[in-house]
Amino acid sequence: IGKLIMSVLFIIVAAIFLLGPLIAIHEFGHYWVARKLGVKVLVYSIGFGPTLLKWTSKKSGIQYQLSALPLGGYVKMLDEREGNVSAEDLPFAFNRQAPWKRIAIVAAGPLINLIFAIVLFWILFLPAQEQLNTRVGAILPNTPAATAQMQIGDKIVAVDGTDVSTWEKLNYAIVDRVGETGHIDVQVERNGQPQGFALPIKNFLKDQSQSPFDVLGFTPYRPQIPATVYKLSSDGAAIRQGMKEGDQIISINQVKMKDWFDVVDVVQKSPEKLLKVDVLRQGQIVHLQVMPQGKRDNMGNVTGMLGVQAQTDKLTIPTEYKQTIQYNPAEAFVVAVEKTGQLSAMILNSMVKMVRGLIGLDNLSGPITIAKVAGQSAEMGWQTFISFMALMSVSLGILNLLPIPMLDGGHLVYYIIEAIRGKPVSEQIQLVGLKIGMVLLGSMMLLAIFNDFMRL
């Protein structure tokens, strides 16, 4: 129980360190531009609900406060629609400002989130990175890649006309086709010669438990790791059911295991299922029966876990499968901008496909899933945590720019219409829009939280 409590506390702290800065910088965008444009700011709050901490600036009179629920924040500005404003303060009221000023103030929040994401990605891209290049390491049988006769050693250079130089870029290009039916065009270099393949897809990745590479049938290079148990977890299923360090796993359910990846594949697909495992132990074949524990991931998919580990500290990767990526500061900034733009487009594309029914609504995630992923990314190191923070910053910026009343994007629509017409949108229309926005956002939040609980 104590370990569970510590784990939950760690997830909560990680979520606060993730969402806190993103919310603070979003509200700072509104706050900073409002003050620069001469609008009087009354309150700058991080969080909602009961106030935990507050102080008032003697110079500006602005009240700064920290509230109990760190899932949002707000900047309260002087506004005749929210209370009486003295005659001398009228020039500083938000509602008295020109449309372009109000547009700038409202847009500043989402835009600063996108800028913050660029800065975070820029930091990540500065160090030299040694990683796998896009040369195919394996072709899976009975898949589109196998049917099209792609080969091991093919170096993928473009997907649907988009150049790809890393597996991450390759993944983004492929995931962009999620939910679609048709063909994905893959361009490769084979022995220095260009070749193209049209890989057929149908309702692509509608089952989110599948890897896009596994579905298409090509995977990155994987080193040969013997199917030998190097370490056992003290609380894992394997040690409780008789497995020992040094056991070489020969077969599972009478299917020969060529390497460690074969073992992982079978175990992960067999949660809470009894497996007949033959191991070689000190020259003797030993027959075991083990049942992998079911572990639910952040998307609710249950995979099997045995609590065994292979030896991976002495692996070597052939030179032809490696590459070193090094950017100077200017290049890293350009790549950071490109990645932020790519993620923004992917998020918008996914939303459109969700509305069209090409992607299931079960892909929506709420605060519980975000907190769990934040905790896991924090455990994996600062780079993974910053990468997830950058992704969340992009998501926050794009979501707030959606033309939904109650969101920044909804207010922007009203102010742009006012700038074009020369007069504001009627209060009746804004009231109707507010009700529609409340229903939409409330429904999305309830569905996201429901999905979170279904994944637990």
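Predicted model only: the values in this text are computed from it and were never measured. Throughout, residue positions are numbered sequentially from 1 according to the sequence presented.
- Taking a 6.0 Å sphere around CH2 of W32, one finds it holds 12 or fewer heavy atoms contributed by other residues, nucleotides or ligands.
- Taking a 6.0 Å sphere around OH of Y221, one finds it holds more than 12 heavy atoms contributed by other residues, nucleotides or ligands.
- Between F218 and F213, the ring-plane angle classifies as tilted under the 30° and 60° cut-offs.
- Taking each heavy atom of I118 and A336 in turn, the nearest pair found is O-CB, 3.4 Å.
- Contact record, L114 with T340: O-CG2, 4.0 Å, taken as the closest heavy-atom pair.
- Taking CD from Q309 and OG1 from T228, the interatomic distance works out to 13.0 Å, rounded to the nearest 0.5 Å.
- In this structure, NZ on K155 lies 11.0 Å from CD on E320, to the nearest 0.5 angstrom.
- Between T143 and L199 there is no side-chain heavy-atom pair separated by less than 4.5 Å.
- Listed for the E189 side chain is no donor-acceptor partner under 3.5 Å among the backbone atoms of Q195.
- Nearest heavy atom pair, residue Y31 against residue I62, reads CE1-CD1, 3.8 Å.
- The side-chain tip of R177 does not point at the ring of F204 from less than 6.0 angstrom away and within 45° of straight on.
- Across every non-hydrogen atom of G47 and Y74, the tightest pair is O-CE2, 4.1 Å.
- Contact check for R35 versus S60: side-chain heavy atoms found under the 4.5 Å cut-off.
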Working for side chain to side chain contact (heavy atoms under 4.5 Å, CB included), residues Q383 and Q129: CA-CA 12 Å; Q383 289 176 310; Q129 304 172 47; over 6 Å; no
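- By the 4.5 Å heavy-atom criterion applied to side chains, H30 and P110 are counted as neighbours.
- The main-chain N or O of Y44 is never found under 3.5 Å from a side-chain atom of E27 such that the two would form a donor-acceptor pair.
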Side chain to side chain contact (heavy atoms under 4.5 Å, CB included) assessment of L275 paired with N253: CA-CA 6 Å; L275 302 176; N253 288 345; 3.5 Å; yes
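- The closest side-chain heavy-atom distance from D214 to L140 is below 4.5 Å.
- Taking a cutoff of 4.0 Å between a charged side-chain nitrogen and a carboxylate oxygen, K353 and E180 qualify as a salt bridge.
- Atom CD1 of I249 sits about 4.5 Å away from atom CE of M243, to the nearest 0.5 Å.
- The local environment of NZ in K322 is crowded, with over 12 non-hydrogen atoms from other residues, nucleotides or ligands closer than 6.0 Å.
- Contact check for F385 versus L18: side-chain heavy atoms found under the 4.5 Å cut-off.
- Relative orientation of the Y415 and H411 rings is parallel, given thresholds of 30° and 60° on the angle between their planes.
- Partner of Q323 under the side chain to side chain contact (heavy atoms under 4.5 Å, CB included) criterion, out of Q131, R135, E130: Q131 alone.
- Using a 4.5 Å heavy-atom threshold, the side chains of W382 and L124 count as touching.
- Between the side chain of Q311 and the main chain of Y230, no donor-acceptor pair closer than 3.5 Å is present.
- Among all heavy-atom pairs drawn from V394 and A117, the shortest one is CG2-CB, 3.4 Å.
- The closest donor-acceptor contact from the side chain of R222 to the backbone of G137 lies at 3.5 Å or more, if one exists at all.
- No side-chain donor-acceptor contact under 3.5 Å links R281 to the backbone of G246.
- Within the model, atoms CD1 of I201 and NE2 of H183 stand 9.0 Å from one another, a figure rounded to the nearest 0.5 Å.
- Going from atom CD1 of I416 over to atom CD1 of I103 covers 5.0 Å, rounded to the nearest 0.5 Å.
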Stepwise side chain to side chain contact (heavy atoms under 4.5 Å, CB included) check, L170 with I156: CA-CA 8 Å; L170 176 55; I156 301 173; 3.9 Å; yes
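- A donor-acceptor distance shorter than 3.5 angstrom exists from the side chain of S393 to the backbone of N113, with no hydrogens or angles considered.
- One finds the CZ atom of F94 at 12.5 Å from the CG atom of L42 (value rounded to the nearest 0.5 Å).
- Between the side chain of S270 and the main chain of K273, no donor-acceptor pair closer than 3.5 Å is present.
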CA sep, side-chain torsions, deciding dist, call: T134, V157, side chain to side chain contact (heavy atoms under 4.5 Å, CB included): CA-CA 7 Å; T134 54; V157 295; 5.6 Å; no
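- Side chains of P329 and W122 form a contact here, defined as non-hydrogen atoms less than 4.5 Å apart.
- What you find for A238 and V308 is that their closest heavy atoms are CB-CG1, 3.4 Å.
- Few gaps surround CG on N328; more than 12 heavy atoms of other groups in view lie less than 6.0 Å from it.
- At least one side-chain heavy atom of L22 sits less than 4.5 Å from a side-chain heavy atom of M389.
- A donor-acceptor pair under 3.5 Å is formed between the side chain of W167 and the backbone N or O of N133.
- No side-chain N or O of T162 forms a donor-acceptor pair with one of D160 less than 3.5 Å apart.
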